[in-house]
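Inspection log for the structure reproduced underneath, given as structure tokens.
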Amino acid sequence: MYRERTVTATPDRTRIERYEPTQIEPRWQARWDEVGLHDTDLEDTSRPKSYILTMYPYPSGDLHIGHWYIVTPTDALARFHRMHGENVFFPIGFDAYGLPAENAAIRNNINPRDWTMQNIEHERKQFRSMGAVFDWRYEVVTCEPEFYRWNQWFFLRLLENDLAYRRMSPVDWCPNDGTLAREQVEGVDRHCWRCGAPVEKRDLEQWYLRTTKYADELLNFTGLDWPEPIKVQQTNWIGRSEGAEIVFTTAADDAHAGGEELRVFTTRPDTLFGATFMVLAPEHPLVPVLTHPERRDEVERYVAASARRTEIERLSTDRDKTGVFTGSFAVNPVNDERIPIWIADYVLGGYGTGAIMAVPAHDERDFEFAHRFGLAIRRVVAAPGTEDEPLERAFVSHAAGERLINSGEYSGLPAYEAGRAIVARLAERGLAKPTVTYRLRDWLFSRQRYWGTPIPVIYCERDGIVAVPDEDLPVRLPDTVDYRGRGENPLNHDETFLRVTCPKCGQPARRETDTMDTFVDSSWYWFRYLSPHKDDAPIDRALVDRWTPVDQYTGGAEHAVMHLMYSRFWTKAMRDLGLIAEDEPFKRLFNQGQILGADGERMSKSRGNVQDPDELVQRFGADTVRLFLMFMGPWDQGGPWSPSGIGGVHRFLTRVWTLAIEPHGTEPGDPESGNLPEGEDDAAAAAALRRAGHKTLKTVTAEYGAFKFNTMVAHLIELANTLMRYRGTSAAKLPEWDETVRLLLLMLAPAAPHITEELWSRRLAAAGAEWSSIHSEAWPDIDEAAATDDVREVPIQVNGKVRDRVTVPAGISEIELEQLVLARDKVQAALGGKAPDRVIHAGGGRLVNIVIR
RNA sequence: GCCGAGGUGGCGGAAUCGGUAGACGCGCUAGCUUCAGGAGCUAGUGUCCGCAAGGGCGUAUGGGUUCAAAUCCCUUCCUCGGUACCA
């Protein structure tokens, strides 16, 4: 069908058909759709499966170049796997719930759903222009009832299994965005991750998911090929620490009877004799009880102030510790000593027991506090001989060789051993137990927002919290909403939504108006891709068993502790619900870098630093844009956007075009064009072409596998340049030329799918063969023999400096090489008449270094 | 402060199981070519001295190990990301 367009061999460049990507690309995209080239048959078990996943986008309106940067190399990878005979599934969808839709809706008085769906439609078109192998039949859109009903279904299962619960708790509250997860509060000044407003505290009844139940399991990354920094971040986030809980008792005084238990968590039970005071978090429940009447005013003032401690000045209070004495005392269980009880905001209510024993001699924070308020400091751990040295700061070490002092019967014991002994002894009296504590908190799951999945519960005056029965799912989010001004959840005013009858007693009841955190959607969406329209279950067990876990996941590192941890939690919970067999969602993870605006800031419409890919596609074609994004630099690095250099990549594709279309043309601008290189005949040229082709194939194959797309493109450019050198010469008529061009097209196909398909179709047509897609071709086999050089250049160093180079046959022996090297004039000159002291043959003959004194 | 990543030409970057520093591309310079296009081709391009041949110096900084260091070890400085008193 293209034969008549093929221009016959002629040295006249003017007749060469130009490379016109804007004509070629849409035509092939339509053709691929027509023949179903990108359809994945999930039931096909004749080939090994490969599930390749990239983080689905939030439909904010426009895909910017950053989206292309994420998707393009992943698409190339999917195609690379496909060419290796794997049954590749590479789906896409939209993370459609979220605040920007709601904010846009409030501002422009339109429905969040309309806003979202319009954006999705636009972004679908943009994705299609990229030529990615997405199978759109498996698209998932999370704001559709067919998806979110299963969020509700999962929630009910979690509720039944005590993995979801409701609790009154102080939550981080943003005046614009409502409740925030702990992870959504950023920075020292505690601002909202989305709008940047200062975050306050509020007490609300909230839904939680019990992520902490899986804390230990989440620390285990066995079998996961994930970047080390992500594993480190998750490990730190979970923050497991081993220690002991120790029970102190409050002492009686003139104002109260005492005898309350005061539990503390410590990782240093060996320092128990050094506890000279206690500190409670301001929100600790015993604070009102323990506050002595004479100190009530001061304590209440402090508690109130720390509840407000979200203001900017907290930055400065970070430096200087604050606190107040309650007037009460506690008794140290190990020595019955009476020590004062203070409250201070450096002790956190939400961690451990919300109370600590303060050991200023061996804890920096306690030391600082004791110093500030003139409290006692007693050293109880020291290396032998240093017992009497004054402490200028806390001595936190407890290395081997250091022993307890001032610790009664335990004095003299090694610190670690003593700690265990103390806990064991107290445990006999029920006053201590070994304990593990985590920084990880349960997942605050509810949001006081409209645009999310409704939480499927009902509040009944008689029956309390009642789950919506499965058969009543989905609880639909009403389409028409009335915002009445600003951010407050409009569901609170929607009578038709609110009013229900209790499923248990049939009496009037009220619906939950909180919706789910939108991270719920991304916690299991890759399961749903396999059966997006299944209406009797969230997943298709057989397909899930066959296709998951995901073989390769790609996405940004900013999701290290949110999405990537919730997904692991969800997978484990699903396993425990008996829904799936596996433990982990993503076998292999790669974090690509982030493309910033030219100003080095995050790309955003409001900053006006967004690069629109459509514009570039219009000018250079999708293939050029794809290739340029891969060529820019290492994929995990990202960086500020700059289009300078895109012309070079476009030039490369134009050369590929010229090579394939017009192999016998010559360059009028180059007097050497059309002649073989000096001293080469056809046989030598043929060998050189094969060598270049197969060497490149070997390198490029490895580079695809290692995500080194930038050097992969560089090597393809190099090969094209080599071919260019032989264009118009007698070598271009040889079968080796043809084979090398073929290799170039096949290697380039995953990265630049349109131009390669076009040129491939012309080759087939020229050969009188029927069309079949280049993307259905097998990845070529490497001819190792052809890829090997028969000569090599050896640099010769004298005392580590390169003084000469010599070209030798590949199989030369060290003795021969050494003789040859020493006979060189330049080498003799560099030796200056001295005899070599040593001659080093390095790297299997890659280099010779002659050492003289 | 702590955790993580990183510092290489005018620019993006290559080379890191120690072994030719600067692949490939951009930009720049010169030449060629011309259905003057946002074209194409060839050559040059780390830096200093030199007409050249050739040589000196060079991978943030200072030291060390080695025949040999961008690469390994130690010091200091800087940039980016994460985190914020977690007992």
How long is the line joining [atom1] of [X] and [atom2] of [N], in whole Å?
X      : N     : atom1 : atom2 : answer
A/L847 : B/A69 : CG    : P     : 12 Å
A/F628 : B/G13 : CZ    : P     : 11 Å
A/Q797 : B/U66 : CD    : P     : 17 Å
A/Y69  : B/G12 : OH    : P     : 14 Å
A/R441 : B/C86 : CZ    : C1'   : 7 Å
A/Q233 : B/G81 : CD    : P     : 13 Å
A/H559 : B/G82 : NE2   : P     : 12 Å
A/Q637 : B/U16 : CD    : C1'   : 15 Å

### Message
Any non-hydrogen side-chain atom of A/D216 less than 4.5 Å from a side-chain atom of A/R240?
### Response
yes
### Query
Taking the side chain as C-beta and beyond, is there a heavy-atom pair between A/R268 and A/V359 under 4.5 Å?
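A side-chain contact under 4.5 Å is absent here.
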If you only use heavy atoms from C-beta on, which nucleotide in [options] is closest to the side chain of [X]?
X      : options             : answer
A/L348 : B/A87, B/U83, B/A14 : B/A87
A/N710 : B/A14, B/A21, B/A87 : B/A14
A/E718 : B/G55, B/A23, B/C41 : B/A23
A/S644 : B/C26, B/C86, B/C67 : B/C26
A/K826 : B/C24, B/A87, B/G54 : B/G54
A/R846 : B/A87, B/G19, B/C85 : B/G19
A/N721 : B/G13, B/C86, B/C24 : B/C24
A/P229 : B/C67, B/G4, B/C24  : B/G4
A/R655 : B/C85, B/G25, B/U42 : B/U42
A/N849 : B/C85, B/G19, B/U83 : B/G19

Go ahead and name the base partner of [N]; Watson-Crick or wobble counts if both distances stay under 3.5 Å, otherwise write none.
N     : value
B/G50 : none
B/C72 : B/G64
B/G27 : B/U45
B/U59 : none
B/G22 : none
B/G81 : B/C3
B/G38 : none

May I ask you to verify if any side-chain N or O of [X] is less than 4.0 angstrom from the OP1 or OP2 atom of [N]?
X      : N     : result
A/R651 : B/G25 : no
A/T437 : B/A87 : no
A/K801 : B/C57 : yes
A/R803 : B/G54 : no
A/Y438 : B/C86 : no
A/N236 : B/A84 : no
A/R838 : B/C67 : yes

Can you tell me, in whole Å, how much space there is between the [atom1] of [N] and that of [M]?
N     : M     : atom1 : value
B/G50 : B/A60 : P     : 29 Å
B/C3  : B/A70 : C1'   : 26 Å
B/C80 : B/G13 : P     : 15 Å
B/G9  : B/A14 : P     : 13 Å
B/A39 : B/G27 : P     : 10 Å
B/C67 : B/C48 : C1'   : 28 Å
B/A84 : B/G46 : C1'   : 44 Å
B/C41 : B/U79 : P     : 42 Å

Is any side-chain N of the basic residue among A/K231 and A/E228 closer than 4.0 Å to the acidic one's carboxylate O?
-> yes
Assess whether a salt bridge exists between A/K695 and A/D789, defined as any Lys/Arg side-chain N lying under 4.0 Å from an Asp/Glu carboxylate O. yes
Over all strands shown, is [X] touching base, sugar-phosphate only, or nothing at heavy-atom distances under 4.0 angstrom?
X      : result
A/K708 : sugar-phosphate
A/V279 : nothing
A/S642 : nothing
A/I356 : base

| said: Looking only at the side chains, is there a donor atom on one of A/H563 and A/E558 sitting less than 3.5 Å from an acceptor on the other? | reply: no
(request) Verify the distance criterion only: is there a donor paired with an acceptor across the side chains of A/Y302 and A/T322 at less than 3.5 Å? (result)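 Indeed, the side chains of A/Y302 and A/T322 share at least one donor-acceptor pair under 3.5 Å.
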Can you check B/G63 for me, syn or anti if syn means within 90° of 0?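 With its glycosidic angle more than 90° from zero, B/G63 counts as anti.
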Verify the ring-centre separation between A/F369 and A/F277: is it less than 6.0 angstrom? yes
> Using the benzene-type ring in the case of Trp, are the ring centres of A/F590 and A/W635 under 6.0 Å apart?
Replying inline: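 Yes, they do, as the ring centres are separated by less than 6.0 Å.
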Ranking A/G647 and A/G239 by the position along RNA chain B of their nearest nucleotide, the one closer to 5' is A/G647
Using distance only, find each side-chain donor-acceptor pair of residues 627-634 of chain A under 3.5 Å and give its atom names and separation, not counting sequence neighbours.
none

